[in-house]
Amino acid sequence: MKKELIHLVFAAVLFASCTGEDAFAPHVPVQAADALSVSVSVGRFTNADNSSDSRASDSADGNTLSFEGGDRIGITVLDADGNLLYDNIPYTYSGSSWSFDSGNNEGKAACYHDSKAATYIAYFPYSKDADGILTVKGLKTQFPPKLDQRKPEDFRASDLLVWTSSGQSVQRSLTVEFTHAYSLLSFSPLVKFKSNLGETVLYIPDVYSSISFTLSAGTFIPYRVADGSFRMIVASENNADVRWVFENGGKPYGGTITGFTSAENTRYTFTSTKDIGDYKLENARIGDFYCKATKSDGSTTCYLIPGDAASIPNGRDCLGVVLKVGKDSSDDWKDEGEYTQKDGTTKMTDFHGYVLALYDANNGTYCKWGDGVDIIGIDQTQYTLFCGYANTQAIKKYITDYNNDNSHTDKKDLQHNFPATYYATEDYENKYPSPDDSSGWFFPSSGQGCYWYQNREILLSSVRKATGKADYNWMTAFYWSSSERSYGYAWYVYFYPLYLIVYNDFKGNTYRVRSCLAF
């Protein structure tokens, strides 16, 4: 009886709370609060002189930051009285979007739309040590820049990004636009020289070591970026002394700026220049960068940038790297070729060396040496002689003589009958035109391939720097040479990691091809 009375009272109350059709409305479940969605962007450092810096064009230079999959930011939400609603909630980047890090293992739950929310604070990179920190000032106190920023992860961790939003309507979607909480110092230790064209050229060498900066906060070791310059994140300075020390070739160098003042989210650039005087073609060394320039009369010529450059300065047309200096008249690398300039008639009166092309011919695709039925009668040496130019001329002459022989009803050409020579010369010239006063591109001999292999480490280092491809490698690759072995066979060079392998194969088989020129 008591249970029935309770049921009746509950039913009466429920009925009294409804009127009209509401009394018979279907049940609607309670909806959870709206989860907070987040989009994130990062602004660039402002240059101290308010001018654009063409070198600061990508994230690698430290002037901008690109997020990577797995990166995390922290979000704190306060009410109008400064009380915590959400404390340092981690959001993670998937590579395309941001979402709450549900696997944070800290017992933290996602942020939701809250009518009491008045202030939002976001920062990067996330750390549990930011729990309970309610201001940007507090974040900067907790996360000062690291003194040792040599590793990229330490450089990134030092670049504290912050964003706040307050006094606005309640947010359901946060558009986080980060700024840099600290200053960026950029240092370029430059080398200056005068080329054979009379032009002053500046570059950053890759041989500096033991570099450090001393500011009021301590001694910093900077991060080195791809172009060879150095970057470091520092707290804002006020009328401080900045001192730097570094070594080049075992010799110490340094400099000082007094009364330096810096501001957050601002980039400051320092340089130190070493003048090495003239660097002309006769100064060439293996691994130097071979560049092309256009003269006032429209013709093209070459100049060199020393091989110790960390990268090719902007605006320079680098075609290859110096393979060998000078021309030998005897011994293993003897070259008896009579060279002309690219026009085919003007003799090369000055001979400075040979250049290995920056890229494989035929876009790196394997090709045949020839159709396999011809023997040109050219160099048959396996390991020696620099005769690729003479071999190339002999192959071209063979085609001309063959086509002029009326006893032959068919015709031959480079592209179809001697594809390796075609891709090393005509096709590569179309893609990467050589200077007018060079020999033009030719198909290197087996001996030149062996010399390339013997000096592979310094040449590969220069090619990587010139192309910007630090992981590029030609090891384990097979390269045709222009040297014949016998009827239907030619020599190829195998870049085996442990030792040199030069072997012969049927001309109809396919291997890579690399071009050379003389300057």
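More than 12 heavy atoms of other residues, nucleotides or ligands sit less than 6.0 Å from atom CG of Asn430. Atom CZ of Arg150 sits in a sparse spot, with 12 or fewer heavy atoms from other residues, nucleotides or ligands closer than 6.0 Å. In the displayed structure, Lys192 atom NZ is contacted under 6.0 Å by at most 12 heavy atoms of other residues, nucleotides or ligands. Atom CD of Glu199 is surrounded by more than 12 heavy atoms from other residues, nucleotides or ligands within 6.0 Å.
Between Pro152 and Tyr223, the closest side-chain pair of non-hydrogen atoms falls below 4.5 Å. Looking only at side-chain heavy atoms (C-beta outward), Phe443 and Thr392 come within less than 4.5 Å of each other. Side-chain contact between Thr301 and Asp436 is absent, with no heavy-atom pair separated by less than 4.5 Å.
None of Tyr511, Tyr503, Phe495, Tyr492 except one satisfies the ring-ring contact (aromatic ring centres under 6.0 Å, His included) rule with Tyr479; the exception is Phe495. A side chain to side chain donor-acceptor pair (under 3.5 Å) with Asp379 is found for one member of Ser483, Ser481, Ser482 and no other, namely Ser483. The only member of Tyr494, Trp452, Tyr453 that meets ring-ring contact (aromatic ring centres under 6.0 Å, His included) when paired with Trp474 is Trp452.
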Walk me through whether Thr365 and Asn363 qualify under side-chain hydrogen bond (donor to acceptor under 3.5 Å, both in side chains). CA-CA 6 Å; Thr365 303; Asn363 300 319; 5.9 Å; no

Evaluate side-chain hydrogen bond (donor to acceptor under 3.5 Å, both in side chains) for Ser212 paired with Thr219, printing each intermediate quantity in order. CA-CA 7 Å; Ser212 63; Thr219 299; 6.0 Å; no

Under the criterion salt bridge (charged side-chain N to carboxylate O under 4.0 Å, His left out), I'd like the reasoning laid out for Lys342 against Asp437: C-alpha separation, chi angles, the key distance, then a yes or no. CA-CA 6 Å; Lys342 192 170 71 169; Asp437 53 4; over 6 Å; no

Give the intermediate values and the outcome of ring-ring contact (aromatic ring centres under 6.0 Å, His included) for residues Trp98 and Tyr91. CA-CA 6 Å; Trp98 293 87; Tyr91 277 66; 8.2 Å; no

Apply the test side-chain hydrogen bond (donor to acceptor under 3.5 Å, both in side chains) to residues Tyr451 and Arg456: give CA-CA distance (whole Å), side-chain angles for both, the deciding distance (0.1 Å), then the verdict. CA-CA 8 Å; Tyr451 191 88; Arg456 61 193 181 279; over 6 Å; no

Does the pair Asp288 and Tyr279 meet the rule for a side-chain hydrogen bond (donor to acceptor under 3.5 Å, both in side chains), with working shown? CA-CA 11 Å; Asp288 281 353; Tyr279 200 85; 2.6 Å; yes

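Between Arg464 and Asp471 there is no salt bridge, since no side-chain nitrogen of the basic residue lies less than 4.0 Å from a carboxylate oxygen of the acidic one. The pair Lys140-Glu264 counts as a salt bridge, with a side-chain nitrogen and a carboxylate oxygen less than 4.0 angstrom apart. At a threshold of 4.0 Å, the pair Glu336-Lys334 counts as salt-bridged, since one of the basic side-chain nitrogens sits closer than that to a carboxylate oxygen. Salt-bridge annotation for Lys465 and Asp206: present, with a side-chain N of the basic residue lying under 4.0 Å from a carboxylate O of the acidic one. For the pair Arg514 and Asp360, the salt-bridge criterion is met [side-chain N within less than 4.0 Å of a carboxylate O].
Under the 3.5 Å distance criterion, the side-chain polar atoms of Lys194 are left unmatched by any main-chain donor or acceptor of Ile276. Proximity of a side-chain donor or acceptor of Glu177 to a complementary backbone N or O of Val42 within less than 3.5 Å is not detected. Side-chain atoms of Ser439 come within 3.5 Å of backbone N or O of Ala518 as a donor-acceptor pair. In this structure a side-chain-to-backbone donor-acceptor pair under 3.5 Å is present from Asn417 to Asp413. The backbone N or O of Ser445 sits less than 3.5 Å from a side-chain atom of Gln448, completing a donor-acceptor pair. With Asn196 contributing its side chain and Cys302 its backbone, the two residues share a donor-acceptor pair below 3.5 Å.
Both tests do not hold together for Lys324 against Tyr354: distance to the six-membered ring centre under 6.0 Å, angle to the ring axis within 45°.
Atom OH of residue Tyr303 and atom SG of residue Cys291 lie 4.5 Å apart, to the nearest 0.5 angstrom. Between the CZ atom of Phe519 and the NE2 atom of His352 there is a distance of 7.0 Å, given to the nearest 0.5 Å.
Ring centers of Phe124 and Phe178: at least 6.0 Å apart, outside the cut-off. Centroid-to-centroid, the aromatic rings of Phe220 and Phe213 stay 6.0 Å apart or farther.
Considering only residues two or more places apart in sequence or on other chains, Ser97 meets the side chain to side chain contact (heavy atoms under 4.5 Å, CB included) condition with Ser94.
Ring geometry for Trp369 against Trp480 counts as perpendicular: the plane angle is over 60°, on a 0 to 90° scale with 30° as the lower cut. Taking the six-membered ring where the residue is Trp, Phe187 and Trp244 present tilted rings, their angle falling between 30° and 60°. By the 30° and 60° cut-offs, the orientation of the rings of Tyr428 relative to Tyr432 is tilted. By the 30° and 60° cut-offs, the orientation of the rings of Phe45 relative to His180 is parallel.
Counted by atom type alone, Glu237 and Ser216 present one or more donor-acceptor pairs between their side chains at under 3.5 Å.
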